[in-house]
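Given the structure is predicted, the values throughout are model-derived calculations rather than measurements.
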Amino acid sequence: MLCCHGLNNMLASAGERGLSIVVGERLPGGYGFYLQSRGVDYSKIDVLRANPGERDLMINIECQMGVKFCPWCGANLVELSAQRRSELQELARKHKKYDIE
């Protein structure tokens, strides 16, 4: 567990529809945490893009923004990233396809 169950649950939701937290590598050896919102699962994006026809509604497919503090427990994620590099390296590898750079 990184800092709390809330953060761990959101890390496990990466790529799924709704909210999640994604870890991304920014500088060699530097990691960031990103709050991400998806209107559809990552696995369904290609279906939407392949059939762009007219729709009667707007869909926010994906967006993300950096976070420096855990939204659930308030832990400093910048400090956490310095202390837990090996865990974050693995998470960044898993989350790479979901990261919106």
Subject >> Shared hydrophobic cluster for Leu19 and Leu91 (ILVMFWY, side-chain gaps under 4.5 Å) >> reply: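 Leu19 and Leu91: one cluster.
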Original post:
Under 4.5 Å between side-chain heavy atoms, hopping through other hydrophobics if needed: is there a path connecting Met10 to Leu80?
Top reply: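 Yes; Leu80 is reachable from Met10 via cluster members.
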**OP:** Assess whether atom CE of Met65 is packed by more than 12 heavy atoms of other residues, nucleotides or ligands within 6.0 Å.
**Re:**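 Counting neighbours around CE of Met65, 12 or fewer heavy atoms of other residues, nucleotides or ligands fall under 6.0 Å, so no.
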Can you find a heavy atom in the side chain of [X] that is under 4.5 Å from one in the side chain of [Y]?
X: Leu77; Y: Lys68; answer: no
X: Leu11; Y: His95; answer: yes
X: Tyr42; Y: Glu16; answer: no
X: Leu2; Y: Phe33; answer: yes
X: Tyr34; Y: Val67; answer: no
X: Ile21; Y: Trp72; answer: yes
X: Ile45; Y: Glu62; answer: yes

**OP:** Could you tell me which non-hydrogen atom of Ala75 sits nearest to which non-hydrogen atom of Cys3, and how far apart they are?
**Re:**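 Ala75 and Cys3 have their closest heavy atoms at CB-CB, 3.8 Å.
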Point-to-point distance, once rounded to the nearest 0.5 Å, from [atom1] of [X] to [atom2] of [Y]:
X: Ser81; Y: Gln89; atom1: OG; atom2: CD; result: 13.0 Å
X: Arg38; Y: Ser43; atom1: CZ; atom2: OG; result: 9.5 Å
X: Arg85; Y: Glu90; atom1: CZ; atom2: CD; result: 16.0 Å
X: Leu35; Y: Cys63; atom1: CG; atom2: SG; result: 8.0 Å
X: Lys96; Y: Glu25; atom1: NZ; atom2: CD; result: 7.5 Å

Original post:
After noting the C-alpha distance and the side-chain angles of Asp99 and Arg26, does the key distance pass the salt bridge (Lys or Arg N to Asp or Glu O under 4.0 Å) rule?
Top reply: CA-CA 11 Å; Asp99 189 11; Arg26 288 299 175 257; 2.9 Å; yes
Original post:
Are any side-chain N or O atoms of Asn76 and backbone N or O atoms of Glu79, one a donor and one an acceptor, separated by less than 3.5 Å?
Top reply: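 It does hold such a pair.
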Original post:
Within the side chain of Gln36, is there an N or O that forms a donor-acceptor pair under 3.5 Å with the backbone of Tyr98?
Top reply: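 At least one qualifying donor-acceptor pair exists.
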